[in-house]
There are 2 protein chains.
Amino acid sequence: MKNRLKVLRAERDWTQAQLADALNVSRQTINAIEKGKFDPSLPLAFKAARLFKMPIEEIFQEDTEEQ
Amino acid sequence: MKNRLKVLRAERDWTQAQLADALNVSRQTINAIEKGKFDPSLPLAFKAARLFKMPIEEIFQEDTEEQ
DNA sequence: ACTTTATGTAAAATACACTTGACATTCATT
DNA sequence: AATGAATGTCAAGTGTATTTTACATAAAGT
């Protein structure tokens with residue numbers, strides 16, 4: 001799973017901590033998701049979509065090799 | 001989190017077992033998700049979106065009381 | 001050089017997504 | 001009424017998302 005969180009943050013000049021706050025998760029969670037350590041839960045993906053006012057698919061994308 | 005899996009299945013005349021097969025999860029997982037026992041993972045939501053050829057948001061919806 | 005702020009990372013604990021196996025219930029068909 | 005297929009559910013186990021705490025590194029400003 002790829003994601004555009006880092007870019008979306010940069011466009012808004014937000015830190016990982018600020019995004020974490022806005023999504024009610026820890027900074028480490030944002031960092032881990034950005035670094036591809038794990039995928040967010042579906043509820044968290046929905047929160048991000050609401051925050052950025054865009055579809056989940058514009059924030060998170062399956063990488064092609066995933067079945 | 002609400003979802004339209006049961007309806008989407010019905011439109012296609014699929015059983016829970018058939019949907020589970022198509023998504024590579026157990027029948028119990030489909031049943032639990034349909035009954036609202038838990039939310040699917042984001043990768044599973046993506047698989048469902050691919051299968052039904054529609055955005056994640058047309059299959060799964062946040063219920064309004066969630067923060 | 002020093003300080004501050006942002007980011008990367010690790011370990012241990014908790015919560016939850018998902019599996020397998022099993023059984024009970026419902027419903028349609030015979 | 002009996003059978004079979006679909007659905008509901010439970011318990012125990014595994015894997016992973018997320019938290020907290022803590023420390024290390026990087027970058028930027030003073």
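Lettering of chains follows the sequences in order, A, B, ..., and the numbering in each one begins at 1.
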If you measure from CG on A/Asp13 to CD on A/Gln18, what distance do you get to the nearest 0.5 Å? 8.0 Å

Could you state the CG-C1' distance from B/Asp21 to C/dT19, rounded to the nearest angstrom? 14 Å

If you take all heavy atoms of A/Glu57 and B/Ile56, which pair is closest and at what distance? OE2-N, 2.8 Å

Here the residues of residues 12-19 of chain B within 4.0 Å heavy-atom distance, strictly under, of DNA chain C are none

Interatomic distance where NZ belongs to A/Lys37 and P belongs to D/dT18 [whole Å]: 14 Å

Can you tell me the distance, in whole Å, between the CG atom of A/Leu44 and the P atom of C/dA17? 13 Å

Residues A/Pro55 and A/Ala49: closest non-hydrogen pair is C-CB, 4.3 Å

Would you say A/Asp39's side chain and B/Ser41's backbone share a donor-acceptor pair under 3.5 angstrom? no

Mind calculating the distance between CD (A/Glu34) and C1' (C/dT9) to the nearest angstrom? 14 Å

I want to verify a distance call: between D/dT7, C/dC18, C/dT7, whose nearest atom is closest to the B/Pro40 side chain? C/dC18

Is there side-chain contact between B/Leu8 and B/Leu19, with heavy atoms separated by less than 4.5 Å? no

Side chain proximity check, A/Phe46 to B/Met1, heavy atoms < 4.5 angstrom: yes

Counting the atoms with a prime plus P, OP1 and OP2 as sugar-phosphate, which does A/Ser26 contact under 4.0 Å by heavy atoms, base, sugar-phosphate, or nothing? base

Got a list of protein N/O to nucleotides 11-16 of chain C N/O distances below 3.5 Å?
none

Are A/Val25 and A/Ile33 packed together at the side-chain level, in the sense that at least one heavy-atom pair is separated by less than 4.5 angstrom? no

Between A/Phe60 (CZ) and D/dA17 (P), how many Å, whole number? 12 Å

Checking D/dG8, C/dG8, D/dT19 against the side chain of B/Arg27 (C-beta onward), the nearest is D/dG8

Could you tell me whether the phosphate oxygens of C/dA17, OP1 or OP2, come under 4.0 Å of any side-chain nitrogen or oxygen in B/Thr29? no

A/Leu5 CG to C/dT7 C1', straight-line distance once rounded to whole Å: 15 Å

d(CG, A/Leu23; P, D/dA17) in whole Å: 17 Å

Between the main-chain N or O of A/Asn31 and the side-chain N or O of A/Glu34, is there a donor-acceptor pair closer than 3.5 Å? no

Which whole-number value in Å describes the distance from A/Lys35 NZ to D/dT25 C1'? 12 Å

Taking side chain as C-beta onward, heavy atoms only, is A/Arg9 less than 4.5 Å from A/Gln16? yes

Is A/Asn31 close enough to C/dG8 that one of its side-chain N or O atoms is under 4.0 Å from OP1 or OP2 there? yes

